[in-house]
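Comments concern the structure below.
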Amino acid sequence: MISTSIIKFTNQIFPKVVHPFNLQNQGTETYAQWQYRKGRDTIRFFLEARTAEEMFQGKQVLDMGCGAAGKSLYYCSLGAEKVTGVEIVAHYEQEANALAEELGFADKFEFICASAFELPFPDNSFDTIIMNDFMEHVSDPARTLKEALRLIRPTGAIYINFPPYYHPTGAHLSDVINMPWVHLFFTERMLVEAYKELVKGLPDERERLELRISRDENGREYFGYINKMTLKKFKKILAELNIKPAYWREVPLRGWMAPLAKTPGIKEMFVKMGVCIIQKQ
């Protein structure tokens with residue numbers, strides 16, 4: 001109760017983060033529309049190493065963890081031959097297909113509700129695989145990477161970017177909690193209770209709780225929505241799978257924070273995004 005009160009108080013101090021769930025509740029735009037509008041942001045760090053044409057023009061594209069698929073449809077707009085969006089949250093499908101119709105991309109887009117561990121496609125099916133803000137959510141990242149390697153063509157590439165767990169909003173609770181690095185100051189149990197209190201009464205309360213909160217075998221509630229992926233953990237997975245990235249970058253939160261983003265012990269607090277491009281060996 002005390003921790004929840006403190007978090008509510010800090011919400012009055014720190015500026016509110018613009019979040020698609022809240023925009024949708026306000027009737028400003030749907031999650032899919034927000035994703036489409038922000039589509040360029042999902043690939044901008046890759047554009048330092050590849051052009052949009054190299055990534056999408058005439059390509060078979062797989063968007064793993066597509067959400068409501070607005071970003072998938074943005075990739076259609078960049079000339080992809082076909083974009084397949086994969087998402088485990090089934091209720092996004094209707095919203096995704098509605099926007100595809102509205103934008104005129106229904107013939108270039110397909111939504112698949114499936115686990116990223118076992119996808120219903122033959123080997124070497126895709127030229128481009130995108131994992132935007134996805135690697136921090138899967139329960140078995142190594143298995144996910146293996147599946148992507150199975151599906152990518154020898155001439156293709158896998159594009160991965162993710163905010164490390166110690167990022168200011170790495171707990172993925174900024175839809176109702178404004179405090180940066182809040183997960184460094186409160187236990188997970190405290191944050192679960194605070195989150196439940198803060199979403200109470202919202203139109204999509206049930207959907208948010210189902211998305212964010214899971215229970216372990218002992219009935220303990222925890223945030224199953226994230227796996228607490230760090231740069232260190234991701235690099236370890238790459239090494240275990242004998243994967244040598246064709247491109248790797250750790251983007252600092254701000255330009256002036258670049259030295260902090262390279263300082264051992266605290267660097268992951270000041271990295272905005274880990275960016276990785278993988279090609280078949």
Side-chain angles (χ1 to χ4, degrees), residues 42-43 45-46 49 62-67 86-88 115-119 129-152 157-174 177 180-192 211-214 216-217 220-253 257-281:
T42 70
I43 63 168
F45 296 119
F46 302 126
L62 177 65
D63 183 10
M64 296 179 78
C66 67
V86 169
E87 175 58 54
I88 201 167
S115 165
F117 302 153
E118 294 179 297
L119 292 172
I129 295 178
I130 301 281
M131 298 185 191
N132 163 250
D133 285 350
F134 173 67
M135 190 53 65
E136 74 271 28
H137 294 297
V138 291
S139 60
D140 192 336
R143 189 175 175 188
T144 301
L145 278 175
K146 288 178 183 178
E147 182 69 346
L149 287 169
R150 180 183 74 81
L151 294 172
I152 198 68
I158 303 166
Y159 297 86
I160 302 170
N161 66 339
F162 66 94
Y165 180 64
Y166 296 108
H167 178 281
T169 60
H172 287 71
L173 302 175
S174 60
I177 297 178
W181 292 291
V182 67
H183 48 308
L184 303 187
F185 299 99
F186 298 91
T187 67
E188 186 170 44
R189 181 179 177 183
M190 291 175 179
L191 291 174
V192 165
L211 182 67
R212 296 273 198 258
I213 299 174
S214 304
D216 64 18
E217 62 276 9
R220 181 186 65 88
E221 292 182 320
Y222 70 100
F223 291 119
Y225 181 63
I226 55 172
N227 58 28
K228 301 182 181 180
M229 179 62 68
T230 62
L231 300 171
K232 182 179 180 180
K233 186 186 296 185
F234 184 71
K235 289 178 181 177
K236 182 179 179 182
I237 292 170
L238 292 181
E240 289 172 349
L241 296 178
N242 197 29
I243 295 173
K244 296 179 180 179
Y247 178 80
W248 172 261
R249 187 187 171 202
E250 297 170 7
V251 183
L253 285 174
M257 291 183 179
L260 294 173
K262 296 177 181 178
T263 304
I266 63 169
K267 61 176 290 184
E268 301 222 17
M269 294 174 61
F270 300 98
V271 172
K272 178 183 181 69
M273 197 74 69
V275 183
C276 180
I277 301 176
I278 298 170
Q279 294 175 308
K280 275 193 174 175
Q281 303 301 310

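Not measured: the values here are computed from a predicted model. Sequential numbering from 1 along the given sequence is applied to the chain's residues.
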Query raised in the report: If you take all heavy atoms of V251 and F45, which pair is closest and at what distance?
Result: CG1-CE2, 3.6 Å
Donor-acceptor contacts under 3.5 Å from residues 233-241 side chains, at least two apart:
{"unit_1": "K233", "atom_1": "NZ", "unit_2": "N227", "atom_2": "O", "d": "3.2"}
{"unit_1": "K233", "atom_1": "NZ", "unit_2": "K228", "atom_2": "O", "d": "3.3"}
{"unit_1": "K235", "atom_1": "NZ", "unit_2": "E250", "atom_2": "OE2", "d": "2.8"}

Report task. With the side chain counted from C-beta on, respond yes when I213 and F223 share a heavy-atom pair under 4.5 Å apart, and no when they do not. Result -> yes
Query raised in the report: What's the shortest heavy-atom distance between F134 and M64, and which atoms?
Result: CG-O, 3.5 Å
**Report entry** Spacing of CD belonging to E221 relative to CG belonging to L191, to within rounding of 0.5 Å
**Finding:** 13.0 Å
Requested in this report: Start with the C-alpha distance between W248 and V275, add both sets of side-chain angles, then the distance that settles side chain to side chain contact (heavy atoms under 4.5 Å, CB included), and finish with yes or no.
Outcome: CA-CA 6 Å; W248 172 261; V275 183; over 6 Å; no
Query raised in the report: For the atom pair NE2 (H172) and CD1 (I226), what is the distance rounded to the nearest 0.5 Å?
Result: 6.5 Å
**Report entry** All pairs passing side chain to side chain donor-acceptor pair (under 3.5 Å) where residues 158-168 contributes a residue, at least two apart
**Finding:** N132-N161, H167-T169
Requested in this report: Hey, could you give me the OG/CZ distance between S214 and R220, rounded to the nearest 0.5 Å?
Outcome: 10.0 Å
Report task. List the atom of Y225, the atom of R212, and the distance in Å for their closest heavy-atom pair. Result -> CE2-NH1, 2.9 Å
Query raised in the report: What are the two closest non-hydrogen atoms of S139 and F117, and how far apart are they?
Result: OG-CZ, 3.3 Å
Requested in this report: Might you point out which heavy atoms bring P164 and G274 nearest each other, and give the distance in Å?
Outcome: CD-N, 4.4 Å
Report task. Dump the intermediate steps for side chain to side chain contact (heavy atoms under 4.5 Å, CB included) on K232 and K267, then the final yes or no. Result -> CA-CA 11 Å; K232 182 179 180 180; K267 61 176 290 184; over 6 Å; no
Query raised in the report: For the residue pair F270 and I266, what are the closest heavy atoms and their distance?
Result: CD1-O, 3.3 Å
Query raised in the report: Could you state the interatomic distance from CD (E87) to CG (D63), rounded to the nearest 0.5 Å?
Result: 9.0 Å
Query raised in the report: When rounded to the nearest 0.5 angstrom, what is the spacing between CG in L119 and CD1 in I129?
Result: 8.5 Å
Report task. Apply the test side chain to side chain contact (heavy atoms under 4.5 Å, CB included) to residues L173 and H183: give CA-CA distance (whole Å), side-chain angles for both, the deciding distance (0.1 Å), then the verdict. Result -> CA-CA 9 Å; L173 302 175; H183 48 308; over 6 Å; no
**Report entry** Sequence-distant partners of E147, salt bridge (Lys or Arg N to Asp or Glu O under 4.0 Å), two or more places apart
**Finding:** R150
Query raised in the report: Taking the side chain from K280 and the backbone from L149, do they hold a donor-acceptor pair closer than 3.5 Å?
Result: yes
Query - Separation of I152 CD1 from I278 CD1 (nearest 0.5 Å) - result: 10.0 Å
**Report entry** Trace of the side chain to side chain contact (heavy atoms under 4.5 Å, CB included) decision for M269 with L184
**Finding:** CA-CA 10 Å; M269 294 174 61; L184 303 187; 3.9 Å; yes
